[in-house]
J.: 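The structure is given below, and queries will be raised subsequently.
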Amino acid sequence: MADQIQSSHALLEYVRDVSLRDDPVLRGLRKETAELPMGTAMQVMAEEGQLLALLVTLCGATRVVEIGTFTGYSALCMARALPPHGRLVTCDITDRWAATAAPYWREAGVTDRIELRVGDACATLEQLLTEWGPDSVDLVFVDADKANYPRYYEAALSLTRPGGLVVVDNTLFFGRVIDPGAQDRDTVAVRELNRLLHEDERVDMSLLTMADGITLARKR
C-alpha cells in the first residue's frame with residue numbers, strides 16, 4: 001500500500017494550478033491581509049477556503065458558525081457557498097479587523113448573510129445555544145485561540161446537528177504537536193483536542209494533512 005507522497009514546492013504549485021479556483025475578490029482580501037502583522041500566518045490558505053466552501057455545499061448548510069474571524073477570508077468563502085437565505089455567525093474577541101473584511105464581503109454580495117459577534121467566544125456559543133438550541137447548526141469552523149480548543153469543540157458539537165460538521169483548523173500546529181519540548185498552553189490544548197477527537201465516539205473524524213492540519217468531525 002502506498003504511503004503519503006512527499007510534497008515538494010513544485011508539486012504543491014501543480015496542485016494549486018489544477019485545483020484552485022480563484023477570483024479578484026478573494027485575491028484582494030488575501031493581499032491586504034498579507035500586509036498586516038502576522039497576516040499571512042493567521043489567514044487560512046486559499047485552498048483551505050475553497051475546501052470550506054465545498055464542505056458548506058456538501059452539508060447543504062443554511063446555518064454556519066465560525067469561531068475566529070480575523071480579516072474575514074474564511075467567512076467570505078463559506079458565506080458565498082450558502083444559499084441566499086443562509087446565515088453565518090462569525091465571532092471574534094475584537095472588531096479590529098472587521099474594517100478590512102467589510103468591503104470584500106460587500107463586493108461579494110454576502111454582507112446580509114454574515115453576522116459578526118464580538119466578545120468571548122465561549123460566551124457567544126452559549127448565547128447561540130440559548131437562541132437556537134442544540135443540534136441547530138450545519139457546520140462550525142474552529143480557528144481561534146488554541147488554549148480554548150477543547151472548550152470550543154464541546155460547545156460546537158452541542159450546536160451541530162446530527163450529520164453536521166465541526167471543522168477544526170491548525171490541528172498539527174506547525175508540527176509542534178510532536179515536539180516533546182513544546183509544553184506551552186496552546187500546543188498542549190491542541191494535543192488534548194486531537195486525543196479527544198480520536199477517542200470521541202460521538203463523531204466520525206479524519207485529520208487532513210493539508211495546510212496546518214484540518215480535522216473534520218461529523219456528528220453521528
Side-chain angles (χ1 to χ4, degrees), residues 33 38-39 41-45 48-49 51-53 55-56 59 61-79 81-82 86-98 100-101 105 110 113-161 164-173 185-194 196-197 200 202-203 205 207-208 211-219:
T33 302
M38 294 294 291
M42 291 179 64
Q43 179 176 249
V44 302
M45 65 187 296
E48 183 173 358
L51 173 64
L52 289 169
L55 293 173
V56 168
C59 284
T62 59
R63 186 178 279 176
V64 173
V65 172
E66 177 182 55
I67 308 169
T69 310
F70 192 39
T71 59
Y73 185 82
S74 49
L76 170 61
C77 293
M78 291 187 288
L82 287 169
R87 183 180 183 191
L88 183 150
V89 173
T90 181
C91 50
D92 208 300
I93 195 64
T94 177
D95 61 358
R96 179 180 180 186
W97 310 113
T100 301
W105 293 349
V110 295
R113 302 178 196 175
I114 301 175
E115 178 189 351
L116 172 64
R117 297 200 183 188
V118 177
D120 177 80
C122 289
T124 299
L125 294 170
E126 284 296 323
Q127 291 168 3
L128 291 174
L129 274 170
T130 299
E131 292 173 23
W132 296 344
D135 303 338
S136 57
V137 173
D138 302 297
L139 184 148
V140 180
F141 178 48
V142 183
D143 184 19
D145 58 295
K146 311 312 170 198
N148 281 308
Y149 260 27
R151 295 177 66 196
Y152 294 153
Y153 171 69
E154 288 296 337
L157 198 62
S158 295
L159 272 172
T160 303
R161 64 167 171 81
L165 278 178
V166 178
V167 183
V168 188
D169 200 16
N170 304 113
T171 47
L172 296 180
F173 205 42
R185 287 183 63 209
D186 288 342
T187 306
V188 169
V190 174
R191 288 196 197 103
E192 178 186 345
L193 178 62
N194 287 339
L196 170 63
L197 281 160
D200 193 350
R202 297 171 297 176
V203 300
M205 59 83 64
L207 198 168
L208 308 181
D212 190 33
I214 306 167
T215 298
L216 310 181
R218 178 186 178 274
K219 187 173 179 177

J.: Could you check whether any side-chain heavy atom of Leu196 comes within less than 4.5 Å of a side-chain heavy atom of Leu193, counting everything from C-beta outward?
T.: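 The answer is yes; the side chains approach within 4.5 Å.
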J.: Report the residue from Asp135, Thr160, Asp200 that forms a side-chain hydrogen bond (donor to acceptor under 3.5 Å, both in side chains) with Lys219.
T.: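 Going through the options one by one, the only one that passes is Asp135.
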J.: Quick one: does Leu52's side chain get under 4.5 Å of Phe141's, heavy atoms only?
T.: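 A side-chain contact under 4.5 Å exists here.
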J.: Would you mind reporting whether Thr215 and Tyr153 have side-chain heavy atoms less than 4.5 Å apart?
T.: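 No, side chains not in contact.
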J.: Are side-chain heavy atoms of Val203 and Arg218 found at a separation under 4.5 Å?
T.: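 No, their side chains stay 4.5 Å or more apart.
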J.: Return the CG to CD distance between Asp143 and Glu66, rounded to the nearest 0.5 Å.
T.: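 That separation rounds to 7.0 Å.
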J.: Could you grab the distance from atom CD of Gln43 to atom CE of Met45, nearest 0.5 Å is fine?
T.: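 Nearest 0.5 Å value for the CD-CE distance: 11.0 Å.
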J.: Quick check against the 3.5 Å criterion: does Asp138 have a side-chain atom that pairs as donor or acceptor with the backbone of Thr62?
T.: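 Present.
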J.: Just so I know, are the side chains of Phe173 and Asn194 near enough to count as touching, which here means a heavy-atom distance under 4.5 Å?
T.: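 Result no, sub-4.5 Å side-chain heavy-atom pair not found.
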J.: Closest heavy-atom contact between Val44 and Gly49?
T.: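 Nearest heavy atoms, Val44 then Gly49: CG2-N, 4.3 Å.
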J.: Would you say that Leu51 contacts Leu208 through its side chain, given a criterion of any heavy-atom pair below 4.5 Å between the two side chains?
T.: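 Yes; the side chains approach each other to less than 4.5 Å.
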J.: Report yes or no: does Asn170 contribute a side-chain atom to a donor-acceptor pair with the main-chain N or O of Asp212 at less than 3.5 Å?
T.: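 No, because the side chain of Asn170 does not come within donor-acceptor range (under 3.5 Å) of the backbone of Asp212.
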J.: Determine yes or no for a side-chain-to-main-chain donor-acceptor pair under 3.5 angstrom, with Trp105 supplying the side chain and Ile114 the backbone.
T.: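 A pair under 3.5 Å: no.
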J.: Do you know which two heavy atoms are closest between Ala53 and Ala81, and how far apart they sit?
T.: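 Where Ala53 meets Ala81 most closely, the heavy atoms are O-CB, 3.4 Å.
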J.: To the nearest 0.5 Å, how far apart are CG in Leu159 and CD in Glu154?
T.: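 Going from the CG atom of Leu159 to the CD atom of Glu154 covers 12.0 Å.
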J.: Can you see whether Thr90 engages Thr69 through a side-chain donor-acceptor pair at a distance of less than 3.5 angstrom?
T.: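 Distance-only check passes for Thr90 and Thr69.
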J.: Apply side-chain contact (heavy atoms from CB on, under 4.5 Å) to Val137 and Val89, showing your working.
T.: CA-CA 10 Å; Val137 173; Val89 173; over 6 Å; no
J.: Count the heavy atoms of every other residue, nucleotide or ligand shown that sit under 6.0 Å from CZ of Arg185, and state whether that count exceeds 12.
T.: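 For Arg185, atom CZ is not crowded (no more than 12 foreign heavy atoms under 6.0 Å).
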J.: Roughly how far, to the nearest 0.5 Å, is the CG atom of Leu128 from the OG atom of Ser136?
T.: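 Reported to 0.5 Å precision, the distance equals 7.5 Å.
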J.: How close do Phe70 and Trp97 get, heavy atom to heavy atom, and via which atoms?
T.: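 What the structure gives for the nearest pair is O-CB, 3.2 Å.
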J.: Any non-hydrogen side-chain atom of Val64 less than 4.5 Å from a side-chain atom of Leu82?
T.: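 They are in side-chain contact.
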J.: Under the side chain to side chain donor-acceptor pair (under 3.5 Å) criterion, do Asp186 and Tyr149 qualify, and how do the steps go?
T.: CA-CA 9 Å; Asp186 288 342; Tyr149 260 27; over 6 Å; no
J.: Is the shortest side-chain N to carboxylate O distance from Asp120 to Arg117 below 4.0 Å?
T.: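 A salt bridge is absent here (no side-chain N lies under 4.0 Å from a carboxylate O).
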J.: Determine the minimum heavy-atom distance between Leu76 and Val110, stating which atoms define it.
T.: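 So the two residues come closest at CD1-CG2, 4.0 Å.
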J.: Minimum heavy-atom separation for Leu88 and Ala75, please, with both atom names.
T.: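 Heavy atoms of Leu88 and Ala75 come nearest at CD1-O, 3.9 Å.
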J.: Is there side-chain contact between Leu207 and Leu172, with at least one heavy-atom pair below 4.5 Å?
T.: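 Answer yes - side chains close enough.
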J.: State, to 0.1 Å, how close Asp92 and Gly68 come at their nearest heavy-atom pair, and which atoms those are.
T.: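 Closest approach of Asp92 to Gly68: OD2-C, 3.9 Å.
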J.: Out of curiosity, Thr71 OG1 to Arg96 CZ, how far, rounded to the nearest 0.5 Å?
T.: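 Rounded to the nearest 0.5 Å, the OG1-CZ separation comes to 12.0 Å.
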J.: Would you compute the distance between atom OH of Tyr73 and atom CE of Met78 and round it to the nearest 0.5 angstrom?
T.: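 Going from the OH atom of Tyr73 to the CE atom of Met78 covers 11.5 Å.
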